[in-house]
Amino acid sequence: MPELPEVETIRRQLSAELSGKTIKNVEVRLAKMIKGQVFRFKKKITGAGITSVSRRAKILIFSLSNGYAILVHLKMTGQLVYTKQGKIKTGGHPIKDGHKDLPNKFTHVIFKLNGRATLFFNDIRQFGYLMLVKAGELDGHFSRMRIGPEPLKSDFTLGAFTKLLLKKKKSKIKPLLMDQSFIAGVGNIYATEACYYSKIRPTRRVGSLKKDEISKLYLHLIKILKFAIKKQGTSAKNYIDAFGEPGEYAPLLKIYGRQGEPCLHCNTTVKSLLLGGRGTAYCPKCQV
DNA sequence: TTCAATGTTTAGAC
DNA sequence: GGTCTAAACATTGA
């Protein structure tokens with residue numbers, strides 16, 4: 001479900017709660033959600049402390065005190081729910097009433113932590129996974145996965161972006177933005193939005209992009225990602241005990257999911273097409 | 001009933 | 001090797 005801004009939002013919220021906690025017990029209710037052997041997964045993390053929560057692309061990394069790390073990928077419909085004596089924090093796919101009566105039928109893994117805290121890993125479509133990796137092997141793991149650069153790191157400059165694009169001249173720009181080996185963390189929502197802001201037709205070949213179009217794309221992509229994090233993502237935020245609010249970026253989407261509605265800039269009816277199997281909304285007049 | 005859904009991987013075609 | 005498409009994973013909700 002979540003893209004970079006949503007995963008980053010979850011990371012920030014969970015980091016404050018999980019850092020310093022000890023994993024007392026792990027219950028795996030659906031073995032296929034664990035990549036690798038379940039007994040090893042349970043054995044290695046039971047009793048370990050969580051030292052920090054970080055992120056690479058759309059993957060969360062729980063670093064443990066014993067030299068291991070747990071990778072968490074929520075894919076389309078994964079959800080993490082943290083509870084501690086009535087206090088609830090959820091992050092991930094919004095599931096109707098999914099936070100009530102936990103564990104529920106979508107709860108696949110349960111971490112019991114000290115201080116009467118619990119972390120639930122829920123996933124409707126069961127696409128997500130948890131995986132145990134040695135801390136020292138994280139870099140190797142990510143490079144084997146061929147994950148591209150982090151768009152919000154300072155070394156991801158316009159020059160670096162341009163250089164990467166030059167290697168992919170024949171690709172269509174929007175599917176390329178979503179290609180995790182090209183840039184890490186950008187999914188369908190923000191790739192669609194970035195093309196709209198940059199006035200670029202999602203089907204454009206990279207080789208046809210002019211210099212100023214590339215810099216527009218670069219600037220808008222980064223701006224959108226940062227702003228979405230500030231707004232706690234499109235759906236990640238969910239303090240259901242307090243307010244029950246969704247992510248605050250959802251109402252700010254300019255083009256994603258608006259097919260059939262008027263373009264906010266020129267009133268032309270927003271169209272959509274299928275690119276790489278994903279629905280892609282665009283304005284036929286604004287996006288050339 | 002049919003379709004699409006915030007993700008990724010794989011197989012096959014050109 | 002590059003690039004594209006469809007299909008697969010499983011479930012919900014419009």
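Bear in mind that the values here come from a model prediction, so they are computed numbers and not experimental data.
Using a 4.0 Å heavy-atom criterion, one finds that A:Gly276 contacts the sugar-phosphate atoms exclusively. Residue contacts shown for A:Gly187 are limited to sugar-phosphate atoms, with no base heavy atom under 4.0 Å away.
For A:Gln180, taking side-chain heavy atoms from C-beta onward, the closest of the listed nucleotides B:dG7, B:dT8, C:dA10 is B:dT8. Of the candidate nucleotides C:dC9, C:dT11, B:dT6, B:dT6 has the atom lying nearest to any side-chain atom of A:Glu3. Checking C:dT3, C:dT12, B:dG7 against the side-chain heavy atoms of A:Lys170 singles out C:dT3 as nearest. Among the nucleotides C:dT12, C:dT5, B:dT9, the one closest to the side chain of A:Met145 is B:dT9.
Comparing the C1' positions of C:dA8 and B:dT1 gives an interatomic distance of 22 Å, to the nearest angstrom. Taking atom P in both B:dT10 and C:dA10, the straight-line distance is 16 Å, to the nearest Å. Atom name P, nucleotides B:dT6 and C:dA14: the rounded distance is 15 Å, in whole Å.
Rounded to an integer number of Å, the gap from A:Met76 CE to C:dT12 P is 14 Å. Atom-to-atom, CD1 of A:Ile124 to P of C:dC9 comes out at 18 Å; the value is rounded to the nearest Å. With rounding to whole Å, A:Arg205 atom CZ is found 9 Å from C:dT3 atom P. Atom NE2 in A:His73 sits about 14 Å away from atom P in B:dT6, given to the nearest Å. The distance between atom CZ of A:Arg278 and atom P of C:dT5, rounded to the nearest whole Å, is 14 Å. In this structure, CZ of A:Phe106 is placed 15 Å from C1' of C:dC9, rounded to the nearest angstrom. The NZ atom of A:Lys35 sits 7 Å away from the P atom of B:dT9 (whole-angstrom rounding). Taking atom CG of residue A:Leu30 and atom P of nucleotide C:dA10, one finds them 9 Å apart after rounding to whole Å.
Every stem involving DNA chain C, taken as at least 3 paired positions in a row under the Watson-Crick or G-U wobble test at 3.5 Å, is listed here: B:2-5 with C:11-14, B:7-14 with C:2-9.
Within the structure, a side-chain polar atom (N or O) of A:Tyr256 is placed less than 4.0 Å from OP1 or OP2 of B:dT6. The shortest distance between the side-chain N/O atoms of A:Lys105 and the OP1/OP2 oxygens of C:dT12 is below 4.0 Å. Listed pair A:Arg125 / B:dA4 fails the phosphate criterion, with no side-chain N or O lying under 4.0 Å from OP1 or OP2. Of the side-chain N and O atoms in A:Ser171, one or more sit less than 4.0 angstrom from OP1 or OP2 of C:dT3. Contact between the side-chain N/O atoms of A:Lys32 and the OP1/OP2 oxygens of C:dC9 is not found at any separation under 4.0 Å. In terms of phosphate contacts, A:Lys58 brings a side-chain nitrogen or oxygen within less than 4.0 Å of OP1 or OP2 of B:dT8.
Remark: side-chain polar atoms of A:His108 are paired, donor with acceptor, to backbone N or O of A:Phe106 under 3.5 angstrom.
With A:Tyr196 as the aromatic partner, A:Lys254 does not meet the cation-pi criteria of under 6.0 angstrom to the ring centre and within 45 degrees of the ring axis.
Two different hydrophobic clusters hold A:Ile10 and A:Leu71 under the rule that ILVMFWY side chains link at heavy-atom gaps under 4.5 Å.
A salt bridge does not link A:Lys210 with A:Glu213: none of the charged nitrogens is closer than 4.0 Å to a carboxylate oxygen. In this structure, A:Glu150 pairs ionically with A:Arg55, as a charged nitrogen and a carboxylate oxygen lie closer than 4.0 Å. Salt bridge annotation for A:Glu8-A:Arg12: present, with a cationic side-chain nitrogen under 4.0 angstrom from a carboxylate oxygen.
Between A:Gln126 and A:Lys32, the side chains place a donor N or O and an acceptor N or O closer than 3.5 Å (distance only, hydrogens not considered).
Heavy-atom neighbours of A:Asp155 CG from other residues, nucleotides or ligands within 6.0 Å: above the threshold of 12.
Stacking here means ring centres nearer than 5.5 Å and ring planes tilted less than 30 degrees, and by that measure A:Phe127 does not stack onto B:dT8.
Take the nearest nucleotide of DNA chain C for A:Lys167 and for A:Leu274: the residue whose nucleotide is more 5' is A:Lys167.
Each of A:Arg278, A:Arg201, A:Arg204 was checked for a side-chain contact (heavy atoms from CB on, under 4.5 Å) with A:Lys174, and the lone residue meeting it is A:Arg278.
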